[in-house]
Number of protein chains: 2
Amino acid sequence: MGRPAPRSGRRPATILDVARRASVSPATVSRVLNRRPHVRPEVRAAVERAVAALGFRPNPVARSLVGGGSRTLGLIVADITNPFYAETAKAIVETARGRGYMVVLCNTDNLPRLQAEQIRMLREQRVEGIILGSVHRRDPAAEELVASRFPCVMYNRRLASQAGTFVVLDNVRGAEEVTRHFIELAHRRIAFLAGPPSFSTAAERLTGYRRALAHAGIPFDRRLVRQGQFKAELAYQAARELLQQRPRPTAIVAGNDLTALAVLDAAAHLGVRVPEDVGVSGFDDIELAGSERIQLTTVGQQKAEMGRLAVNYLLELVEARDGLRRDPIHHVLPPTLVVRRSCGAMAGARVRRAATL
Amino acid sequence: MGRPAPRSGRRPATILDVARRASVSPATVSRVLNRRPHVRPEVRAAVERAVAALGFRPNPVARSLVGGGSRTLGLIVADITNPFYAETAKAIVETARGRGYMVVLCNTDNLPRLQAEQIRMLREQRVEGIILGSVHRRDPAAEELVASRFPCVMYNRRLASQAGTFVVLDNVRGAEEVTRHFIELAHRRIAFLAGPPSFSTAAERLTGYRRALAHAGIPFDRRLVRQGQFKAELAYQAARELLQQRPRPTAIVAGNDLTALAVLDAAAHLGVRVPEDVGVSGFDDIELAGSERIQLTTVGQQKAEMGRLAVNYLLELVEARDGLRRDPIHHVLPPTLVVRRSCGAMAGARVRRAATL
DNA sequence: CTGAAAGCGCTTACAG
DNA sequence: CTGAAAGCGCTTACAG
């Protein structure tokens with residue numbers, strides 16, 4: 001009588017099965033499973049034997065219901081087909097797996113409404129923390145998330161308020177360095193293909209560009225700044241306009257590699273040679289930037305490292321059992337100027353060297 | 001006395017709160033929530049009012065524990081930084097969201113051990129179904145998953161046994177068409193940069209290549225086939241070897257776009273002109289294949305459609321309440337030959353046209 | 001049509 | 001050190 005005998009079939013073992021086999025209570029099994037102290041070694045061993053014999057694996061859903069943690073994180077990016085996000089996402093997923101967490105992927109296309117909805121869904125699904133790859137500078141949903149003290153970290157972009165933990169590139173310096181690089185190559189009419197000013201990345205890169213001009217005493221000319229929106233199609237149009245200006249800019253600093261590629265396309269279609277007629281630079285150093293046909297000068301960032309840091313900071317928050325939650329961390333990574341052919345420095349070097357001989 | 005009054009604070013409303021406010025039982029609330037019949041309209045309305053007033057959202061974890069479904073799917077790909085996977089993943093995530101499901105992303109780097117581990121973890125997390133983007137032709141973990149009748153669908157690649165539901169490209173035809181295209185351009189020494197033969201995609205593309213040669217009466221020459229492993233670095237080496245053969249192949253059919261780009265690089269480094277000295281083609285039609293600097297002739301596949309189909313077939317399985325589970329579906333999508341500059345057809349056409357005048 | 005009760009598989013105080 | 005009991009928030013037979 002009483003409960004039916006356990007079906008010998010496919011039903012996965014539960015903690016009760018383990019308890020019975022080891023002749024202990026489920027509470028004790030739970031203690032062993034969670035490596036808690038206060039269990040006699042021989043009891044612990046018996047439980048472990050039972051676990052092994054039954055091939056028992058705790059049901060994460062039950063654990064999560066009772067507050068034990070779902071071992072799942074959320075990752076929200078703007079566009080997973082953007083190589084920058086794909087590369088960081090890969091590092092994030094792999095780092096999380098190494099720590100025993102899975103990650104739910106969400107794609108927002110930069111739509112605030114979608115991002116707010118995804119944050120809500122992720123919290124309902126009881127993910128233990130959220131990584132935000134594409135917050136806006138003002139971003140009510142993200143700000144509320146941070147304020148609620150729910151474990152989260154931003155990467156790539158940050159809030160204007162500087163609230164919360166984030167790991168970002170030093171975008172100001174990156175843009176400043178690449179712009180100065182063109183200045184050192186004797187450029188004066190340097191255009192800037194900007195990203196949407198609602199993103200910290202775009203705003204900071206524009207700042208860096210202006211700063212480099214200012215340092216060199218080159219007046220800022222707003223006609224040389226065009227919106228590329230970080231998107232290939234829009235950037236293509238903007239690049240055409242820039243390239244048709246007279247006098248034509250002698251260099252174009254693009255907001256990211258995707259838009260820099262659009263500049264290359266626009267130049268090709270207009271018969272403008274790169275780098276002879278116009279120098280071009282990007283931002284991100286995606287894998288294709290180094291290919292022989294592209295050879296894009298760009299600002300590199302440590303994408304895998306950024307992803308790893310984001311996960312590690314997040315898990316610190318997740319695992320900090322409430323009390324000892326420390327101050328938000330602002331981790332700013334250094335940029336690397338990657339000089340390839342598209343800026344003209346290579347050719348120039350060769351020419352100069354030849355002249356010296 | 002009895003249970004403490006609900007803390008007015010942040011505790012999210014539960015089904016019990018709703019039941020109390022609507023003066024019904026939790027069972028009735030559950031019925032309304034799940035749109036089950038047999039609820040008087042006025043009761044239903046009262047419950048709905050209570051739900052709205054409390055901002056109640058059912059806890060998916062509890063639902064999932066009791067067998068109600070976690071509303072989560074798993075997606076396992078070989079490499080999310082490969083644009084093919086990024087593009088299909090995007091469609092998958094968005095289609096799933098439209099149907100109210102989230103998706104857990106896993107990356108295997110094509111390691112069978114990792115894939116087996118991820119499948120296990122996903123099942124433990126109680127995802128309701130799994131999409132496999134990178135099965136091997138023999139793949140014990142995937143075969144077992146299919147055999148267990150757990151809802152799953154493969155895309156891109158399939159099992160040699162043809163077991164399970166899948167949506168794939170007609171790879172044989174794709175490779176056959178692009179090879180024939182070169183033959184029609186009068187090529188005879190056509191090399192093939194293969195993928196790992198343990199993948200159906202690679203095996204089928206090789207078959208298509210051989211079939212086109214056979215149809216044209218061109219003898220198969222195994223020295224013209226090299227392993228590119230679908231990876232840029234390995235393909236680069238293999239491409240160098242091919243390009244240094246004497247006589248040099250006049251065309252190279254690459255197993256995918258990533259390896260075709262490696263061929264372009266190798267050619268550039270060796271001073272071999274594309275398409276004048278060697279024609280090149282890829283497979284996948286990733287976004288960059290169309291850029292002005294690349295202009296890669298390739299075999300296009302409907303990536304977004306493939307992702308959408310995978311989700312829809314999977315949800316059919318998930319939602320087919322056991323009984324009416326129908327036969328596995330084998331959906332084979334047609335390839336599209338995308339002719340750009342790298343094959344030489346453009347230049348050739350122009351030349352021929354000029355000659356005619 | 002509706003409710004009381006049991007149960008999903010764990011964990012966490014509370015006793016001892 | 002260990003166990004009995006309650007509970008996490010739902011859903012599902014079973015009664016009525």
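Lettering of chains follows the sequences in order, A, B, ..., and the numbering in each one begins at 1.
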Is the phosphate of D:dG9 approached by B:Thr14 (side-chain N or O, under 4.0 Å from OP1 or OP2)? no
Checking N1-N3 plus N6-O4 or O6-N4 for Watson-Crick, or N1-O2 and O6-N3 for wobble, each under 3.5 Å, the partner of D:dA4 is none
Is A:Val24 touching bases, backbone alone, or none of the nucleic acid, heavy atoms closer than 4.0 Å? sugar-phosphate
Output yes when A:Arg99 and A:Glu319 qualify as a salt bridge under the 4.0 Å nitrogen-oxygen rule, no when they do not. yes
Would you mind classifying the nucleic acid contact of B:Val43 as base, sugar-phosphate or nothing, using non-hydrogen atoms under 4.0 angstrom? sugar-phosphate
Please confirm whether the shortest side-chain N or O distance from A:Arg63 to OP1 or OP2 of C:dT11 is below 4.0 Å. yes
Answer yes or no: does a side-chain N or O of B:Asn59 lie under 4.0 Å from OP1 or OP2 of D:dC8? no
Please classify the nucleic acid contact of B:Val61 as base, sugar-phosphate, or nothing, using heavy-atom distances under 4.0 Å. nothing
Residue mapping more 5' on DNA chain C - nearest nucleotide basis, B:Leu65 or B:His38: B:His38
Would you please say whether a donor-acceptor pair under 3.5 Å links the side chains of B:Asn110 and B:Thr108? no
OP1 or OP2 of C:dT12 sitting under 4.0 Å from any side-chain N/O of A:Arg36? yes
Salt bridge A:Asp109-B:Lys90, side-chain N to carboxylate O under 4.0 Å: yes
